[in-house]
Every structure is written in structure tokens, then in C-alpha cells.
Amino acid sequence: QVQLVESGGGLVQAGGSLRLSCAASGRTFSTYTVAWFRQAPGKEREFVAKISPSGGSVYYTDSVRGRFTISRDNAKNTMYLQMNSLKLEDTAVYYCAADRTSFTAAPTDYSYWGQGTQVTVSS
């Protein structure tokens with residue numbers, strides 16, 4: 001089992017930045033694909049970004065590409081989402097997720113989930 005805990009959410013003005021963190025338990029974090037998803041009120045959970053176990057492959061949804069950067073520090077069992085140039089449309093609960101072998105953008109393919117952290121972007 002893998003336990004995931006997100007942190008770093010909060011209230012930020014449009015154009016500002018936040019860095020989300022996802023801390024994972026266990027000694028095998030480096031073998032997992034990890035990803036960020038988000039869910040706005042009344043909407044389905046949406047893929048944001050993912051990163052391969054070694055960090056060598058990353059992928060972003062079109063709406064965040066160029067503004068967000070996903071990274072991981074396997075020595076610290078932590079992954080990050082640096083969010084710059086935030087927009088009102090980025091407001092959502094952000095979740096980290098992990099899977100041992102998958103490298104997909106589908107939430108149903110991820111086995112482990114954090115509880116989410118709220119990101120609110122204001123005018």
C-alpha cells in the first residue's frame with residue numbers, strides 16, 4: 001500500500017503561483033508513476049500532469065502545459081506541481097495519484113490517491 005498526502009494548496013490571485021507537494025509513504029516510491037488530477041465543483045475529475053518513475057517522462061493536459069511543471073524527488077518520496085500564471089479556471093481540488101505500472105491519463109488506472117488539497121484562484 002501507498003499513502004499519499006497533498007499539501008500546498010490555498011488562495012492565490014490570478015497570475016500568481018503555488019507549489020503543491022505530494023508526500024508518499026514506503027520505500028518503493030521510485031517505482032511508481034505519479035500524477036496530478038483536479039476536480040472543480042460540478043465537474044468530473046480531470047487529468048493535469050503525470051511523471052514516470054525516474055522522472056524522465058512527463059505529460060501535461062493542454063490547458064496547463066507551459067504554466068505547470070511536475071517533478072519528483074524520489075529521495076524524499078515526494079512529487080511536486082509548480083503552478084505559475086494561475087487562472088480562475090484552475091480553481092479545483094487537486095489530487096495526487098500513483099500506480100506501480102500505469103502511465104495513463106485515466107483516473108481509473110491509478111490505484112492510490114491522496115485526499116486532495118484545495119486551490120482557489122481569485123480575481
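Every heavy atom of this structure was used, including side-chain atoms; hydrogens, water molecules and symmetry mates were not. If you're wondering where the values come from, they're calculated on a predicted model, not measured in any experiment. Start at 1 with the first residue, then count along the sequence.
The two residues Ala92 and Ala40 have their closest heavy-atom pair at CB-N, 3.8 Å. Closest of all the heavy-atom pairs between Ala49 and Leu81 is CB-CD1, 4.3 Å. Shown here for Pro53 and Ser30, the closest heavy-atom pair between the two residues is CB-O, 3.0 Å. Across Phe103 and Ile51, no two heavy atoms sit closer than the pair CE1-C, 3.6 Å. Between Tyr32 and Thr28 the shortest heavy-atom distance is CD1-O, 3.1 Å.
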(message) Set out, in order, the CA-CA distance, both residues' side-chain angles and the distance that settles salt bridge (charged side-chain N to carboxylate O under 4.0 Å, His left out) for Arg65 and Asp62, then state yes or no.
(response) CA-CA 5 Å; Arg65 189 175 294 111; Asp62 288 345; 2.5 Å; yes
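A 4.5 Å side-chain heavy-atom check between Pro107 and Trp113 finds at least one atom pair inside the cut-off. At a threshold of 4.5 Å between non-hydrogen side-chain atoms, the residues Tyr60 and Thr69 count as touching. A 4.5 Å side-chain heavy-atom check between Thr117 and Ser7 finds every atom pair outside the cut-off. In this structure the side chain of Met83 never reaches within 4.5 angstrom of the side chain of Trp36, judged on heavy atoms. The shortest distance between side-chain heavy atoms of Met79 and Cys96 falls below 4.5 Å.
Of the possible donor and acceptor atoms, one in the side chain of Tyr110 sits under 3.5 Å from a partner among the backbone N and O of Thr104. A donor-acceptor pair is defined here as one N or O able to donate and one able to accept, closer than 3.5 Å; such a pair exists between the side chain of Arg72 and the backbone of Phe29. Thr91 places a side-chain N or O within 3.5 Å of a backbone atom of Val121 that can act as its donor or acceptor partner. Judged purely by atom type and a 3.5 angstrom limit, Tyr95 has no side-chain atom pairing as donor or acceptor with the backbone of Gln39. No side-chain donor-acceptor contact under 3.5 Å links Asp90 to the backbone of Ala14.
Side-chain heavy atoms closer than 4.5 Å link hydrophobic residues (I, L, V, M, F, W, Y) into clusters, and following such links, possibly through other members, connects Leu88 to Val64. Leu11 and Val119 are assigned to two separate hydrophobic clusters, defined by single-linkage of ILVMFWY side chains at heavy-atom distances under 4.5 Å. Side-chain heavy atoms closer than 4.5 Å link hydrophobic residues (I, L, V, M, F, W, Y) into clusters, and following such links, possibly through other members, connects Phe68 to Val58.
Exactly one residue among Glu6, Glu46, Glu44 makes a salt bridge (Lys or Arg N to Asp or Glu O under 4.0 Å) with Arg38. That residue is Glu46.
Tyr80 OH to Ile70 CD1: the interatomic distance, rounded to the nearest 0.5 Å, is 12.5 Å. One finds the OG1 atom of Thr33 at 10.5 Å from the CZ atom of Arg100 (value rounded to the nearest 0.5 Å).
In this structure, Phe47 and Phe37 have perpendicular ring planes: the angle between them is above 60°, well past the 30° mark.
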Just distance, no hydrogens or angles: give the donor-acceptor pairs under 3.5 Å from side chains in residues 18-26, sequence neighbours left out.
from, atom 1, to, atom 2, distance (Å)
Ser25, OG, Gln3, N, 2.9

